[in-house]
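Proteins come first, then strands; the chains are lettered A, B, ... in the order of their sequence lines, and each starts at number 1.
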There are 2 protein chains.
Amino acid sequence: MSTVPVGRSDEDGASAVRPPNMRDVARRAGVSHQTVSRVLNDASAVRSDTRDRVLSAIEELGYRRNSAARALVTRRSRTFGVITMPATLYGPASTLHAIELAAQEAGYFVRVATISGFERHALTEALRWLEEGPVEGLVVLAPLLGTAAKLGELWEEMPVVFVEGATSTGLASVSVDQVAGARAVTEHLLEQGAGAPVWHVTGPADWVEAQQRVVGWRSALADAGVRAPDPLPGTWSPSSGYAAGLDLARRGDVRSVFVANDRMALGLLRAFAEAGVRVPEDILVAGYDDVPEAAFYSPPLTSVRQDFAGVGRHSIGSLVDQVEGAGTAGRGAAVLPPTLVVRQSSLAPVPRRARRSGAGWAPDEGVTPGRPRPPAGHDLATPS
Amino acid sequence: MSTVPVGRSDEDGASAVRPPNMRDVARRAGVSHQTVSRVLNDASAVRSDTRDRVLSAIEELGYRRNSAARALVTRRSRTFGVITMPATLYGPASTLHAIELAAQEAGYFVRVATISGFERHALTEALRWLEEGPVEGLVVLAPLLGTAAKLGELWEEMPVVFVEGATSTGLASVSVDQVAGARAVTEHLLEQGAGAPVWHVTGPADWVEAQQRVVGWRSALADAGVRAPDPLPGTWSPSSGYAAGLDLARRGDVRSVFVANDRMALGLLRAFAEAGVRVPEDILVAGYDDVPEAAFYSPPLTSVRQDFAGVGRHSIGSLVDQVEGAGTAGRGAAVLPPTLVVRQSSLAPVPRRARRSGAGWAPDEGVTPGRPRPPAGHDLATPS
DNA sequence: CGGCCTAGTGTGAGCGCTCACAGATTGGCT
DNA sequence: AGCCAATCTGTGAGCGCTCACACTAGGCCG
């Protein structure tokens with residue numbers, strides 16, 4: 001490792017404390033700066049002993065390539081921008097983290113612009129901020145309806161990928177199949193509830209994911225010939241689930257509820273507990289997201305797991321294809337299948353045939369520390 | 001807003017699709033490139049009508065300054081690096097988000113390097129990755145013991161701030177006062193439990209925060225003249241809390257438990273529920289972190305809230321001071337006070353005087369949707 | 001009325017790198 | 001020996017910006 005301090009004090013005695021540059025390395029290795037550049041980039045067309053000399057000069061000087069200079073001449077920043085909301089929500093936060101990880105693996109940097117809302121003005125400002133970078137591509141974590149349309153004409157020629165939310169536009173997008181997930185969980189509740197109507201607590205109406213979960217829920221009920229009750233509005237927050245829970249507990253005719261995310265389901269379970277409604281004996285409950293804590297709710301919550309890491313990888317993969325590949329590479333719409341994870345909250349206790357396909361009564365690993373996520377669940381094939 | 005496509009096709013008919021540069025703007029405004037630069041930077045020493053002409057030329061051309069060129073000559077990237085773990089944990093994720101937000105407000109970009117562990121090799125590699133940037137300063141989210149020491153000599157002259165974990169080194173650090181938080185929650189449990197010993201489920205032993213919570217817990221017990229029971233080891237995960245809960249439920253003599261984070265407390269509550277232990281009637285429970293869901297656990301969980309946004313702001317503030325200020329600016333150790341949030345899980349039901357200082361039986365806002373975080377809680381003065 | 005200050009502007013160099021191309025060296029064939 | 005191709009290496013320009021400095025014009029003083 002480097003033992004020589006930065007800067008050079010040999011040769012011409014330039015006393016500057018500036019870091020060593022390519023020319024310094026070249027001089028030390030007895031080659032030209034261009035050969036150093038070749039070693040760093042091509043690796044080809046350089047005789048191996050020359051390369052070795054250059055590499056050891058780099059090591060000795062503690063040389064690090066100046067990426068600003070590199071970016072200047074190549075017009076490539078190796079940076080992707082991410083536009084996101086100030087969400088500490090489990091889903092978006094996990095996706096963002098996965099994106100950062102995937103980008104790092106692909107050798108790109110990520111620059112995050114957080115916006116407070118999806119109004120046009122905020123979007124424009126975020127783009128400005130990112131373009132200062134500048135960025136080579138854009139990931140838009142745009143879970144609200146209409147974001148894609150609003151942004152549509154803002155970039156020209158800038159590679160972009162919409163995550164969790166874009167549809168219909170010709171642009172690249174990556175998402176988890178929310179309709180399939182909602183269908184699966186609804187069908188499961190129908191089966192466990194012996195065909196009784198499945199109620200639904202929605203997410204905010206302007207979220208694409210919330211809307212698609214409604215669609216999946218409706219279609220499963222329609223296919224079963226069961227009339228859909230009016231959905232109860234929620235806001236993703238536990239308190240909105242709590243409110244919905246109080247509503248549902250007051251009615252006497254509810255047999256099962258599909259809640260659009262786990263946090264709301266937690267609030268709903270709390271309301272049921274206070275109202276003396278037993279889960280799953282009186283009412284079956286299922287959530288969505290499969291947060292790591294879901295297996296430890298009371299009772300352990302049936303949920304739908306999403307592959308956030310996969311979403312991150314696909315997003316970055318699409319951008320890399322668009323930037324490095326030619327033509328229409330990476331332009332498609334990737335749709336990832338979700339996984340139903342069955343736990344106690346949705347299993348009708350009486351007909352004990354309910355234990356199916358590895359689903360257990362969590363906490364299923366018992367006292368074993370670690371991630372409480374059993375490999376249980378069926379993979380759902382992507383329908384579209 | 002810009003209606004002219006990028007590049008220029010007027011003047012000398014250069015057909016290039018390159019974006020407009022400073023010289024293009026200068027030509028259009030009838031000034032020199034240097035005057036354009038002055039408008040963009042100093043703003044001083046330019047006559048106002050000249051400035052206006054330059055600004056409108058910028059607008060018309062859709063000019064955006066090339067930050068690579070700027071960074072090259074100024075040797076300033078306006079970028080901070082963040083070294084973090086692949087944590088989807090609530091605390092680190094919130095802190096990271098707060099850091100990004102604070103940096104954006106201060107006009108800096110953030111580059112995140114995620115490492116899988118705090119071994120020396122991984123750290124070195126992360127530094128390499130960030131230095132490629134290069135970055136002007138470093139935020140080290142280093143919650144593991146000894147990270148600071150391991151990194152100690154790796155940078156020379158690079159501004160750095162340790163978040164949640166560093167101590168004793170002379171370097172800048174920002175953290176929440178874990179000892180004070182643990183003391184407060186332990187004292188509260190002692191009072192509610194009428195002086196009965198408070199048990200403790202710890203976090204992983206190599207986490208600074210876990211260790212300091214143990215310290216706070218011990219000192220509160222010592223001050224009260226109560227012997228500290230052996231702490232139960234945990235891993236931050238709900239399942240480890242579940243395991244600890246089974247252990248504690250088996251003993252008959254436990255009156256109260258302070259669990260080192262909310263996720264473990266959730267697992268512990270689950271174990272108690274299965275074992276037929278009632279909370280708070282049989283055992284009082286409190287957690288740490290005050291995750292947004294804590295108010296909806298069964299029962300609602302007493303916890304300690306940390307000001308993550310404040311941590312983010314302080315971290316970035318310290319780096320900005322170090323970079324822009326002179327000398328020893330921003331070098332101190334900032335310690336932020338936590339807030340105890342009392343909920344049902346820790347309130348002894350019999351002596352009803354327990355309702356104090358705004359603490360309520362959550363979900364205290366009832367059915368109102370929104371953040372389930374009451375303004376309740378006492379602020380703890382920073383002791384150190 | 002010439003010298004000097006100040007405000008406003010222009011000129012040229014160069015940051016560290018990559019690109020396009022030119023030059024040097026080698027080896028294999030006639 | 002001579003020549004061509006293949007392989008390796010060097011040269012110089014220039015990316016878009018900021019910095020240091022030179023220059024001009026006008027106002028004020030001696």
| For the side chain of B:Arg38 and the base of C:dG10, is some donor closer than 3.5 Å to an acceptor across the two? | yes
| Whole-Å distance between D:dT18 C1' and B:Asn66 CG? | 13 Å
| said: What contact category does B:Thr50 fall into here, base, sugar-phosphate, or nothing, at under 4.0 angstrom with non-hydrogen atoms? | reply: sugar-phosphate
| field | Proximity to the side chain of A:Thr35 - top-ranked nucleotide from C:dT18, D:dG10, D:dC17 | value | D:dG10
| Where the side chain of B:Arg47 is concerned, which of C:dG16, D:dC17, C:dG8 is the nearest nucleotide? | C:dG8
| task | From the options D:dG16, D:dT18, D:dG14, select the nucleotide whose nearest atom is closest to the side chain of B:Thr74. | result | D:dT18
| said: Rounded to whole Å, how long is the line connecting atom CZ of B:Arg76 with atom P of D:dC19? | reply: 11 Å
| query | When you check the phosphate oxygens OP1 and OP2 of C:dT18, does a side-chain N or O of A:Asn41 lie under 4.0 Å from one of them? | reply | yes
| query | Nearest to the side chain of A:Leu72 - D:dG16, C:dT9, C:dT18? | reply | D:dG16
| request: Send over the distance from B:Gln34 CD to D:dG16 P, rounded to a whole Å. | output: 17 Å
| Of all the nucleotides listed (C:dG12, D:dA13, D:dG16), which has the minimum atom distance to the side chain of B:His33? | C:dG12
| Can A:Glu60 and A:Arg28 be counted as an ion pair, charged N to O under 4.0 angstrom? | yes
| Less than 4.5 Å apart, any side-chain heavy atom of B:Val140 and any of B:Val163? | no
| request: Would you mind reading off the distance between A:Asp49 atom CG and D:dT9 atom P, rounded to a whole angstrom? | output: 7 Å
| task | Using atom CZ of A:Arg23 as one end and atom C1' of D:dG12 as the other, report the distance to the nearest whole Å. | result | 10 Å
| message | Under a 4.0 Å threshold between the charged nitrogen and the carboxylate oxygen, would A:Glu136 count as salt-bridged to A:Arg76? | response | yes
| request: Report the distance from atom CG of A:Leu40 to atom P of C:dC17, rounded to the nearest whole Å. | output: 8 Å
| task | Using atom CZ of A:Arg53 as one end and atom C1' of D:dG10 as the other, report the distance to the nearest whole Å. | result | 14 Å
| Presence of A:Arg51 side-chain N/O under 4.0 Å of D:dC8 phosphate oxygens OP1/OP2 | no
